[in-house]
Trainee: 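Handing you a structure now.
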Amino acid sequence: MQISMDDLELPCWDCKGSGEVTSEEGTLVTCDKCSGTGVILTTLGQTLLSFMKKHLRQ
Ligand SMILES: [Zn+2]
């Protein structure tokens with residue numbers, strides 16, 4: 001099974017991947033949708049991330 005990055009995350013459609021959106025006041029604020037990361041995790045991405053977090057001890 002091959003997994004590409006597109007299967008794990010998609011560019012945020014709210015901020016177009018920049019991580020910031022223009023607020024009503026015209027200032028740049030962190031994008032709520034992606035928490036400023038610029039990408040949205042797919043279901044597969046979330047599954048993989050929770051798996052990694054579960055098994056990775058920091
Ligand atoms: Zn965003």
Side-chain angles (χ1 to χ4, degrees):
M1 178 178 166
Q2 280 223 327
I3 300 174
S4 72
M5 285 305 281
D6 284 349
D7 295 326
L8 302 176
E9 62 181 26
L10 297 167
C12 179
W13 51 87
D14 258 24
C15 61
K16 308 285 191 297
S18 69
E20 289 177 321
V21 289
T22 309
S23 71
E24 287 173 23
E25 292 84 34
T27 53
L28 278 178
V29 292
T30 302
C31 178
D32 274 345
K33 208 83 159 184
C34 62
S35 306
T37 58
V39 291
I40 303 281
L41 283 178
T42 64
T43 309
L44 182 62
Q46 287 174 13
T47 304
L48 195 66
L49 188 65
S50 62
F51 175 84
M52 297 291 279
K53 279 182 175 170
K54 183 180 166 189
H55 291 281
L56 278 177
R57 298 279 159 79
Q58 292 191 346

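Quick caveat: nothing in here was measured; it's all calculated off a predicted structure. We count ligands from 1, going down the list as the structure has it; atoms in each ligand are counted the same way. Computation of the quantities below employed the complete heavy-atom set of this structure, encompassing side-chain atoms and omitting hydrogens, waters and symmetry-equivalent molecules.
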Trainee: Around the Zn ion (ligand 1), list the protein N/O/S atoms within a radius below 2.8 Å, excluding water molecules.
Mentor: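 Protein N/O/S atoms under 2.8 Å of the Zn ion (ligand 1): Cys12 SG, Cys15 SG, Cys31 SG, Cys34 SG.
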Trainee: Output the distance between atom OG1 (Thr22) and atom CG (Leu28), rounded to the nearest 0.5 Å.
Mentor: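 With rounding to 0.5 Å, OG1 (Thr22) is 5.0 Å from CG (Leu28).
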Trainee: Any donor-acceptor pair under 3.5 Å linking the side-chain atoms of Ser18 with those of Glu20?
Mentor: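 Checked: Glu20/Ser18 side chains show no N/O donor-acceptor pair below 3.5 Å.
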Trainee: With side chain to side chain contact (heavy atoms under 4.5 Å, CB included) as the criterion, how do Thr42 and Asp7 come out once you've worked through the C-alpha distance, each side chain's angles and the decisive distance to 0.1 Å?
Mentor: CA-CA 7 Å; Thr42 64; Asp7 295 326; 5.5 Å; no
Trainee: Would you check, one step at a time, whether the test side chain to side chain contact (heavy atoms under 4.5 Å, CB included) holds for Val39 with Cys34?
Mentor: CA-CA 6 Å; Val39 291; Cys34 62; 6.0 Å; no
Trainee: To the nearest 0.5 Å, what is the distance between NZ on Lys16 and CG on Asp14?
Mentor: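 If we round to the nearest 0.5 Å, Lys16:NZ and Asp14:CG are 7.5 Å apart.
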Trainee: Is there a path of hydrophobic side-chain contacts, each under 4.5 Å between heavy atoms, that joins Leu48 and Leu44?
Mentor: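 Same cluster.
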